[in-house]
Amino acid sequence: MGQQKSAPEGGTRESERRRTILRAAIDVFARKGYHGCRIADVAKEAGVAYGLVYHYFKNKDELLETVFETGWSGFISRARLVAESEGPLADKVRRIADVAFEAYRVDPRAVKVLILEIARSPAGARINRQTAFVDVIRLSAQMFTRAKESGELRPDVDPLLASALLFGSIEMGLTAFVVGLADARDTVMLERAKAQIADSFLHGVLVPGVEKPQGEPPRTEPSRSELSKAEEPKPEAPPEESTWKREKSGTKSKAPKRT
């Protein structure tokens, strides 16, 4: 009985140590970048012995690969739940944007590593980012295909390209915060960016009248009287006096008074 109890406890300790080291690696990668990160830095951040890091990861390349796999798989699973759920397309697009920006709000360092360091590092060549991005684009393309069949999506919009544009917009929006163009501590700005990305995207792909982007005032047609008033010719301004007349009047001498 005692031996059966110690096995899961040992497994739990092992997984906790691994998570601690992985968390430390995220923080060091975000702070120093891939090239500035050393295994000794990760060990110090995690509060573990230098050699223990190598017990779980061969090198910092494997650490970075694991960071990507862990972070990206979490995003994919949450995006899948949204894409495969019931409801209007506009709601789904906003929820997918919310998933991405909420991930940044909760763990900005991890998102920074995913966006910047994966692409810059030599380890990024071994990470199959192409397959990872293709998977999420195809996943949401199915969502856009269903929306097209239901009449929500404009007939001329390609579902696959719409999916790529959506995630490209989300990635670039997050990049603005990651590189410091926008203040990541400003929660109002984060909400505004998320809404603007979703609304701008929806404005271009939805069938007119299906759904108005949030915050956009309803458009009203001008009345007939307003149109006729706008078409009335404005009275012309009286012509200005010619320059020579003004100059002549200004230099005219007064006649002497008779006494």
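Keep in mind that this is a model prediction, so the values were computed, not measured.
Arg146 has no carboxylate O lying under 4.0 Å from a charged side-chain N of Glu149, or vice versa, which leaves the two without a salt bridge. Under the 4.0 Å criterion applied to side-chain N and carboxylate O atoms, Arg94 and Asp199 are assigned as salt-bridge partners. One finds no salt bridge joining Arg95 and Asp98 here, because no Lys/Arg side-chain nitrogen approaches an Asp/Glu carboxylate oxygen to under 4.0 Å.
Not one N or O on the side chain of Ser200 forms a donor-acceptor pair closer than 3.5 Å with the backbone of Ile197. A donor-acceptor pair under 3.5 Å is absent between the side-chain atoms of Lys148 and the main chain of Pro159, judged by distance alone. In this structure a side-chain-to-backbone donor-acceptor pair under 3.5 Å is present from Ser77 to Gly74. Using a distance-only test at 3.5 Å, with no hydrogens or angles considered, a donor-acceptor pair links the side chain of Thr20 to the main chain of Glu16. No side-chain donor-acceptor contact under 3.5 Å links Glu62 to the backbone of Phe57. Under a 3.5 Å cut-off, the side chain of Asp41 and the backbone N or O of Arg38 do form a donor-acceptor pair.
Closest non-hydrogen pair, Ala100 versus Ile170, comes out as CB-CG2, 3.5 Å. In terms of heavy-atom proximity, Ala184 sits nearest to Leu190 at O-CD1, 3.7 Å. Between Ile26 and Val113, the shortest heavy-atom distance links the atoms O-CG2, 3.7 Å. Nearest heavy atom pair, residue Leu89 against residue Ala147, reads CD2-CB, 3.7 Å. Between Ala83 and Lys92, the closest heavy-atom pair is O-NZ, 3.7 Å.
Using cut-offs of 30° and 60° on the angle between ring planes, the pair Trp72 and Phe75 is tilted. The aromatic rings of Phe29 and Tyr34 lie parallel to each other, their planes meeting at an angle below 30°, with 60° marking the opposite boundary.
Residues Leu81 and Val136 are members of separate hydrophobic clusters, defined by side-chain heavy-atom contacts under 4.5 angstrom among Ile, Leu, Val, Met, Phe, Trp and Tyr. Residues Val179 and Tyr104 share a single hydrophobic cluster, defined by chaining ILVMFWY side chains whose heavy atoms lie under 4.5 Å apart.
Ring centroid separation for the pair Phe144 and Phe201 comes in under the 6.0 Å cut-off.
Enclosure of atom CZ in Arg138 is not indicated, since only 12 or fewer non-hydrogen atoms of other residues, nucleotides or ligands lie within 6.0 angstrom. Other residues, nucleotides and ligands contribute at most 12 non-hydrogen atoms within 6.0 Å of the CD atom of Gln196.
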Exercise for the section: With salt bridge (Lys or Arg N to Asp or Glu O under 4.0 Å) as the test, would you mind laying out the steps for Arg23 and Asp27 before giving the verdict? Expected result: CA-CA 6 Å; Arg23 178 68 251 177; Asp27 294 339; 2.9 Å; yes
Exercise for the section: Output, in order, the C-alpha distance, side-chain angles, deciding distance and verdict of salt bridge (Lys or Arg N to Asp or Glu O under 4.0 Å) for Arg31 and Glu45. Expected result: CA-CA 11 Å; Arg31 189 169 63 247; Glu45 185 79 20; 3.1 Å; yes
Handout entry: Trace of the side-chain hydrogen bond (donor to acceptor under 3.5 Å, both in side chains) decision for Glu14 with Tyr56
Key = CA-CA 9 Å; Glu14 288 285 309; Tyr56 296 99; 3.1 Å; yes
